[in-house]
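Notes to accompany the following structure.
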Amino acid sequence: MDLREKARQLLESGEVKAVIGYEKGTMGARRPVFVKKAERADRLVLDGDCAQNLATYLTRPEIRKLGRVAITAGPDALRAILQLMAERQIEEENLLALAGDGTVELASAQAIEEHLALAPKELPARDRELLERLGKMDRAERWAFWQKELSRCVKCYACRNSCPMCYCGHCTMDCNRPQWVPVASHALGNLEYHMVRAMHLAGRCVECGDCGRACPVGIPIHLLTFNCEESVHQQFGQRAGASSRLDYALSTFRPDDKESFIR
Amino acid sequence: MTEAFEPKITAFVCNWCTYAGADLTGTSRIKYQSNVRVLRLPCTGRIDFMLLAKAFARGSDGVIVSGCHPNDCHYTSGNYHARRRWMIYRNLMDFMGIDTRRVTFSWVSAAEGARWAELVNEVTTTVRALGPYTEYKELALTGVE
C-alpha cells in the first residue's frame, strides 16, 4: 500500500477529515496540500524533496476546526508534534501521523515516541561545520559574522511563520504600541528580532531548521535557536520534542541548577 | 584633549534584596563609584532578557543584573527562574557576539550593603578598562528609535 491509497482509505472511511501532505509545485518544488476528498488523494507525493515541516499547520485555526487530521511527518515533524502536545496545543486523539513512506500509522504520542527512539537526532553536516567555524571565532568575529548576515534580513517573518512552535495569536513583533522591538529592517531591529525569536524558542525548538530553509535570503538563523537548544540540553539535560510530557525548560527550575557566572 | 571615558552602567535590581542592599550602602555612608543607574523591578524573574539589550541600545557600556540569593526570593522562586533564563541567554549573547564581559549577574542581599559597593566598583573598573561599547552604539545609531 502506498501513501495515496492510505490517504484515500482514511478519507473514505471518515477516520480523518483531511490529509496534510505534499504535492508537486512549480519548477519541481514540493508544496503543502490539504486533501479533504478521497478522489483528490492522487495529488499527494512523498519523496526526498519534501523538506518542509508540515507540523506548523496543525495549530492553525482552519486546521484545528476540521477535527481529526492525518499528516505526513518525517522525524522532525514528529518531534514538533510531540512538543506541541507537551505544550497542550494539539490533542492526541485529533491526530494521525503518517511516518516513514507515509504508510506507517502513528496514532498516539507513545507510538511516535517509540518510532523516534529508532532514529536519534543528528544535525545536518553543513550546520555542524558552520557551528564549529563559529565556535573557533573570537567574539568580535562572531559579532561581525552575525551583523553581516543579519544586515540582509528584510523582516519578512518567514522564519516565524514556518516555525511549528510559533503559534501565538498575538505576536510581540506585530505589537506597535508600545513597540518593544523596532519594526523597521535596520541593524538594531534585526538583532533584537532574532534575539527575541531565539529566546522565545529556547527549550522548545525541535531543531528542524525550517526557519533557515524558509529564509528568502539564506541567513542561517536556525543556528541561533540551535545554540539555545544546545545550552538547554547541556545545562538542564532535556531536548524539546523528546516526549509529549515534557516541562518547558525555562518555566521550571531545579534549586541545584549549576552555573559559574553569577557572583 | 578629550575627556577621560566614564562608563555608564545600568543596574537592574530586585525590589526586595539588591535594592534594599543598595539602600543600605547609602545609609551606611559607604562611598562607591557613581557610574551606576539603578532600575528597580519587583523581582529578578521580572527582568526580561530584552531589557539588557535595550540598555545597551540606549547607550550603556555595562549592565548589572542583581537579585536575591537562591532560597531568599520574596516570591519563592523568581530568582531560580531568572537563573535558568540567564544561563541560556548568556550563551546566546556570546554566540551572537555580544560582549558578555559587560554583563554581570549577581546576588546581593538586603544586608550586603558593603558588597553592593564592592560589586559596583568592580564592574565600573572592568568596564572602564574595556572602554565604551562602540560596536553596539554604532548599531543603535542606525536605528530610528
Side-chain angles (χ1 to χ4, degrees), chain A residues 131 134-135 137-147 149-151 172 179-184 186-196 198-203 223-232 234-236 248-263, chain B residues 44-45 48-54 56-58 64-67 69-71 73 76-108 115 118-119 122-123 133 135-145:
Chain A
L131 277 174
L134 279 161
M137 289 180 184
D138 66 28
R139 186 202 56 78
E141 284 170 337
R142 265 202 305 279
W143 174 262
F145 172 87
W146 282 112
Q147 284 311 308
E149 290 288 338
L150 295 182
S151 69
T172 178
Q179 194 167 79
W180 190 218
V181 175
V183 165
H186 54 61
L188 180 66
N190 290 355
L191 180 82
E192 291 188 350
Y193 164 55
H194 288 287
M195 189 186 276
V196 169
M199 277 305 283
H200 284 190
L201 285 164
L223 297 185
L224 297 173
T225 51
F226 285 14
N227 172 272
C228 290
E229 222 37 55
E230 201 45 47
S231 326
V232 168
Q234 275 174 8
Q235 305 186 85
F236 315 131
Y248 170 37
L250 293 192
S251 73
T252 180
F253 66 90
R254 275 198 310 264
D256 58 344
D257 282 333
K258 289 275 174 297
E259 42 65 34
S260 55
F261 58 87
I262 300 182
R263 305 194 324 186
Chain B
T44 7
D48 193 284
F49 60 88
M50 272 295 284
L51 287 173
L52 279 61
K54 291 288 179 195
F56 285 130
R58 298 292 171 96
I64 297 174
V65 180
S66 186
H69 287 273
N71 273 331
C73 182
T76 322
S77 60
N79 51 1
Y80 285 126
H81 284 99
R83 178 165 72 180
R84 277 218 162 181
R85 185 155 65 234
W86 306 136
M87 286 163 82
I88 305 299
Y89 188 47
R90 198 167 177 275
N91 282 350
L92 178 69
M93 282 197 294
D94 190 47
F95 186 67
M96 291 182 99
I98 294 167
D99 197 344
T100 46
R101 292 170 300 178
R102 295 175 185 273
V103 189
T104 310
F105 300 95
S106 78
W107 312 128
V108 173
R115 193 175 133 77
E118 211 176 276
L119 177 79
E122 262 179 51
V123 171
Y133 198 3
E135 279 172 339
Y136 215 105
K137 282 179 187 165
E138 277 166 16
L139 180 85
L141 281 178
T142 65
V144 284
E145 267 194 286

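Chain naming here is simple, since letters A, B, ... match the order of the sequence lines and numbering starts at 1 in each.
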Please report the closest heavy-atom contact between [X] and [Y], naming both atoms and the distance.
X: A:Trp180; Y: B:Met50; result: CZ2-CB, 3.2 Å
X: A:Ser231; Y: B:Ile88; result: CB-CD1, 3.7 Å
X: A:Leu224; Y: B:Leu92; result: O-CD1, 3.8 Å
X: B:Ala57; Y: A:Glu192; result: CB-OE2, 4.1 Å
X: A:Ile262; Y: B:Arg83; result: CD1-CG, 3.9 Å

Segment of [X] engaging chain B (4.5 angstrom heavy-atom cut-off):
X: A:Thr252; result: both
X: A:Asn227; result: side chain
X: A:Leu134; result: side chain
X: A:Trp143; result: both
X: A:Asn190; result: neither

Residue list, side chain to side chain donor-acceptor pair (under 3.5 Å) with B:Tyr133, at least two apart or on another chain: none
Looking at chain A, which one of B:Arg85, B:Arg115, B:Met96 has the largest number of heavy-atom pairs inside 4.5 Å, strictly under? B:Met96
Between B:Asp99 and chain A, which part of the residue has a heavy atom less than 4.5 Å away: side chain, backbone, both or neither?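 For B:Asp99, backbone and side chain are both near chain A.
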Between B:Leu51 and chain A, which part of the residue has a heavy atom less than 4.5 Å away: side chain, backbone, both or neither?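 Both backbone and side chain.
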Close side-chain approach of [X] and [Y], heavy atoms under 4.5 Å:
X: B:Phe95; Y: A:Phe226; answer: no
X: A:Gln235; Y: B:Arg84; answer: no
X: B:Phe56; Y: A:Leu191; answer: no
X: A:Met199; Y: B:Tyr89; answer: yes

Under a 4.5 Å heavy-atom cutoff, which of [options] has the most pairs with chain B?
options: A:Gln234, A:Glu259, A:Met195; value: A:Met195
options: A:Ala144, A:Ala140, A:Ala249; value: A:Ala249
options: A:His194, A:Met137, A:Arg254, A:Gln147; value: A:Arg254

Taking A:Arg139 for its side chain and B:Gly97 for its backbone only, find out whether a donor-acceptor pair lies under 3.5 Å.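 Checking the backbone N and O of B:Gly97 against the side chain of A:Arg139, a donor-acceptor pair under 3.5 Å is found.
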Sequence neighbours left out, what passes side-chain contact (heavy atoms from CB on, under 4.5 Å) with A:Arg263? Give chain and number order.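 A:Arg263 satisfies side-chain contact (heavy atoms from CB on, under 4.5 Å) with B:Thr104, B:Ser106, B:Leu119, B:Glu122, B:Val123 once adjacent residues are dropped.
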Measure up the B:Phe105 and A:Phe261 rings against each other and bin them: parallel (under 30°), tilted (30 to 60°), perpendicular (over 60°).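 Rings of B:Phe105 and A:Phe261: perpendicular, over 60°.
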